[in-house]
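Read the numbers this way: they start at 1 and go in the same order the structure lists the ligands and their atoms.
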Amino acid sequence: MNFFWIAGLFLLDAVCGQEARAGNACTVAPLGDGYDDTDQVLAAISQCGRNGTITFEEGSFNITRKMTWELNSAKFIPDVEYWLNMSNTYQVVFIQSQSSWFVVTGSDFEIDAHNTGGIQGNGQIWWDFFSNRTKDDGDGRPISLTLNNVTRGIIRNFRIEAQPFWCNCVAESQDVVYDGMLCNATNTNPEFAGTNLVPNTDGIDTYRSDNVSLLNWDITCGDDCLAIKGNTTNLLARNITCNGGNGIAFGSLGQPILSKCFMEDLKLVRLPEAVQPNMQFGVYFKSWTGEVVGILLGFFENVTAKNVNLDEVSIPLLISQTNGGNSSETPSTLMFSDLTFVNWTGTAATDEILDLVCSPAVNCSDITLEAFNVTTPWDGAPHYVCQNVVGLFGLEAPCNQTGKA
Ligand SMILES: *[C@@H]1O[C@H](CO)[C@@H](O)[C@H](O)[C@H]1NC(C)=O
Ligand SMILES: *[C@@H]1O[C@H](CO)[C@@H](O)[C@H](O)[C@H]1NC(C)=O
Ligand SMILES: *[C@@H]1O[C@H](CO)[C@@H](O)[C@H](O)[C@H]1NC(C)=O
Ligand SMILES: *[C@@H]1O[C@H](CO)[C@@H](O)[C@H](O)[C@H]1NC(C)=O
Ligand SMILES: *[C@@H]1O[C@H](CO)[C@@H](O)[C@H](O)[C@H]1NC(C)=O
Ligand SMILES: *[C@@H]1O[C@H](CO)[C@@H](O)[C@H](O)[C@H]1NC(C)=O
Ligand SMILES: *[C@@H]1O[C@H](CO)[C@@H](O)[C@H](O)[C@H]1NC(C)=O
Ligand SMILES: *[C@@H]1O[C@H](CO)[C@@H](O)[C@H](O)[C@H]1NC(C)=O
Ligand SMILES: *[C@@H]1O[C@H](CO)[C@@H](O)[C@H](O)[C@H]1NC(C)=O
Ligand SMILES: *[C@@H]1O[C@H](CO)[C@@H](O)[C@H](O)[C@H]1NC(C)=O
Ligand SMILES: *[C@@H]1O[C@H](CO)[C@@H](O)[C@H](O)[C@H]1NC(C)=O
Ligand SMILES: *[C@H]1O[C@@H](CO)[C@H](O)[C@@H](O)[C@@H]1NC(C)=O
């Protein structure tokens with residue numbers, strides 16, 4: 001059974017639920033500007049919320065008071081072709097023109113799914129469908145839950161099963177708390193065992209948002225567990241488990257500013273090879289070369305990652321200022337400074353523990369390691385790459401000038 005309740009005054013933009021499978025079917029269409037949709041949504045939930053299907057037609061629902069949603073409706077069978085048609089999803093997220101299924105916007109609300117409700121993304125159908133197709137940003141695969149233009153919103157104990165694409169996105173928002181979030185993109189089709197069938201299933205992408213807290217997250221995915229993108233400031237992430245994927249990413253195209261990100265109690269867990277072969281990075285920072293995007297004026301500063309436990313992570317800590325480019329291109333001018341990594345334990349899957357490849361154009365400055373004790377396989381000597389770093393504190397052994405690759 002799926003429950004969630006919503007309090008406060010906000011607009012719910014929903015595109016969801018086709019095809020009734022059993023029981024009653026209700027369809028709710030937004031009444032339109034100036035009207036209140038709360039009564040009709042509650043009526044549909046009481047009529048069709050058990051063993052039924054509620055279809056929210058495209059549009060904005062004006063929910064003006066606290067309500068309880070009791071839903072079994074998440075069991076719709078997605079028609080991939082239908083959802084790929086951009087007319088059937090929202091394009092509110094400006095990063096790379098992504099599509100969204102549910103968009104929540106507004107202020108002073110709380111959505112509590114009590115760990116039983118949320119979104120069934122039916123990802124397997126999508127992953128299989130895209131297994132032999134090109135996957136591009138903005139190709140229409142929907143973000144499961146999008147918060148856009150939110151002020152003071154709380155999402156609590158929410159579950160998103162089998163996200164086809166990004167699980168969450170928060171954009172253009174401030175003072176948002178996510179407390180309790182589960183996302184699980186796990187391939188179960190034996191045909192694709194041992195491959196990463198689930199790329200782009202990021203736990204969350206944050207964009208142009210201030211004061212977002214991510215608390216108590218459990219993410220299984222084949223891509224970035226958290227992707228902190230352009231103009232995210234004052235981010236707090238605490239008690240985050242990332243199962244498989246690429247780890248925690250900082251980086252974006254454009255002229256991004258990322259500042260004051262504090263993360264603690266992070267766990268990166270490698271899954272069995274047949275389920276998900278990637279557990280690529282612990283925390284990584286990427287920027288693009290100057291030539292690709294023109295002159296970059298952004299900076300990443302004051303990022304802390306504390307109490308990080310790694311389980312066979314390929315490269316625990318990486319800064320790459322040539323992501324997607326090649327060495328003949330203009331170096332990136334994105335500046336990294338004041339990065340602190342405290343109390344890192346556990347194991348790496350290679351001896352490349354630290355790989356800081358900073359741009360010769362601007363250098364990285366003030367990188368501090370404290371109680372940074374990640375062990376290499378077979379206890380081999382760790383390999384530390386540090387290029388163009390000014391002010392590196394706390395590294396026990398001298399740097400190796402270049403990587404081994
Ligand atoms: C929402 O409903 C209220 C009445 O409860 C109305 O005053 C308001 O204009 C409606 N808002 C929108 C955006 O339709
Ligand atoms: C849903 O239907 C199934 C079988 O038709 C029944 O066993 C079950 O009790 C129903 N659940 C609810 C919540 O009504
Ligand atoms: C997409 O959906 C719109 C609106 O339902 C429809 O008019 C259009 O023909 C669809 N496009 C395709 C390629 O199916
Ligand atoms: C992809 O695979 C499906 C069957 O799994 C097949 O029907 C389809 O033609 C293939 N598409 C391409 C572009 O190869
Ligand atoms: C964001 O929401 C506020 C109300 O909370 C509204 O006034 C504003 O127009 C919205 N901005 C956009 C870009 O939709
Ligand atoms: C994720 O889904 C897979 C496949 O359905 C399941 O085996 C696994 O237990 C799930 N993980 C979590 C944390 O729910
Ligand atoms: C950490 O988050 C998980 C959910 O992902 C939760 O089960 C656990 O209780 C949390 N731990 C603490 C110390 O709050
Ligand atoms: C980030 O903010 C800066 C300064 O306000 C602005 O110049 C830049 O365009 C913004 N970048 C993005 C990606 O929003
Ligand atoms: C760095 O960020 C933390 C919050 O994570 C904040 O308390 C501290 O004041 C910031 N330091 C600077 C120099 O801005
Ligand atoms: C270091 O982090 C681990 C979790 O990864 C935690 O159990 C331990 O208490 C932390 N140590 C200190 C000194 O904070
Ligand atoms: C580093 O971790 C290893 C394995 O957990 C442990 O044996 C060693 O004592 C630790 N070293 C320090 C300096 O804490
Ligand atoms: C860095 O690499 C390790 C393992 O590859 C070596 O054991 C170190 O000797 C080397 N250190 C330097 C300063 O080059």
Side-chain angles (χ1 to χ4, degrees), residues 6-14 28-42 59-67 92-98 103-109 137 148-149 169-174 205-210 212 227-235 250-261 267 282 286-288 292-301 307-313 316 332-335 341-348 351 353-354 369-382 394-397:
I6 300 174
L9 172 64
F10 72 104
L11 294 172
L12 172 69
D13 282 343
V28 204
L31 294 171
D33 214 29
Y35 291 93
D36 188 336
D37 292 293
T38 316
D39 286 342
Q40 65 154 346
V41 168
L42 284 174
S60 291
F61 291 84
N62 182 13
I63 308 298
T64 58
R65 59 181 197 272
K66 179 171 164 174
M67 55 183 201
V92 295
V93 176
F94 305 108
I95 345 172
Q96 301 149 350
S97 314
Q98 310 296 16
V103 179
V104 178
T105 185
S107 61
D108 302 290
F109 64 82
D137 286 320
N148 187 58
N149 193 17
C169 180
V170 58
E172 319 276 351
S173 296
Q174 52 190 314
D205 282 56
T206 70
Y207 187 62
R208 292 186 180 161
S209 293
D210 181 53
V212 173
I228 315 304
K229 290 197 160 138
N231 292 13
T232 298
T233 49
N234 296 299
L235 179 92
F250 288 82
S252 181
L253 289 165
Q255 300 176 352
I257 292 173
L258 289 167
S259 79
K260 295 188 186 150
C261 296
K267 227 172 144 162
K286 54 186 173 181
S287 75
W288 279 261
V292 176
V293 288
I295 297 168
L296 286 166
L297 300 169
F299 56 87
F300 292 5
E301 62 163 27
N307 305 343
V308 179
N309 186 254
L310 309 165
D311 169 27
E312 292 187 52
V313 172
S332 165
T333 55
L334 184 70
M335 297 221 246
F341 307 102
V342 183
N343 183 26
W344 284 44
T345 55
T347 56
D351 62 7
I353 301 286
L354 186 75
L369 307 175
E370 215 180 291
F372 192 91
N373 182 15
V374 180
T375 53
T376 55
W378 319 287
D379 284 327
L395 192 64
E396 280 162 18

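Partners of Asp311 under the side-chain hydrogen bond (donor to acceptor under 3.5 Å, both in side chains) rule, at least two apart in sequence or in another chain, do not exist in this structure. Residues passing the side-chain hydrogen bond (donor to acceptor under 3.5 Å, both in side chains) test with Ser259, sequence neighbours excluded: none. With sequence neighbours left out, Thr376 forms a side-chain hydrogen bond (donor to acceptor under 3.5 Å, both in side chains) with no residue at all.
Residues Val374 and Val313 are not in side-chain contact: their nearest non-hydrogen atoms beyond the backbone lie 4.5 Å or more apart. Residues Leu310 and Trp344 form a side-chain contact, since some pair of their non-hydrogen atoms from C-beta on lies under 4.5 Å apart. Put simply, the side chain of Phe300 does not reach to within 4.5 Å of the side chain of Ile228, judged on heavy atoms.
Between Gly32 and ligand 1, a contact under 3.5 Å exists for no N or O pair. Inclusion of Asn231 in the set of residues having an N or O under 3.5 Å from an N or O of ligand 8 is warranted.
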Contacts table for ligand 11: protein N or O within a distance under 3.5 Å of ligand N or O, distances only.
| residue | atom | partner | partner atom | Å |
| --- | --- | --- | --- | --- |
| ligand 11 | 2 (O) | Asn373 | OD1 | 3.4 |
| ligand 11 | 2 (O) | Asn373 | ND2 | 2.4 |
| ligand 11 | 11 (N) | Asn373 | ND2 | 2.7 |
| ligand 11 | 14 (O) | Asn373 | ND2 | 3.3 |

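The atoms of ligand 1 that sit less than 4.0 Å from any heavy atom of Tyr35 are 1 (C), 2 (O), 10 (C), 14 (O). Set against the non-hydrogen atoms of Arg208, the atoms of ligand 8 under 4.0 Å away are 12 (C), 14 (O).
Put simply, the residue from Asn231, Leu258, Thr233, Thr232 that forms a side chain to side chain contact (heavy atoms under 4.5 Å, CB included) with Thr206 is Thr232.
Minimum interatomic distance between Asp351 and Pro377 (heavy atoms only, all atoms of both residues): N-CD, 4.2 Å.
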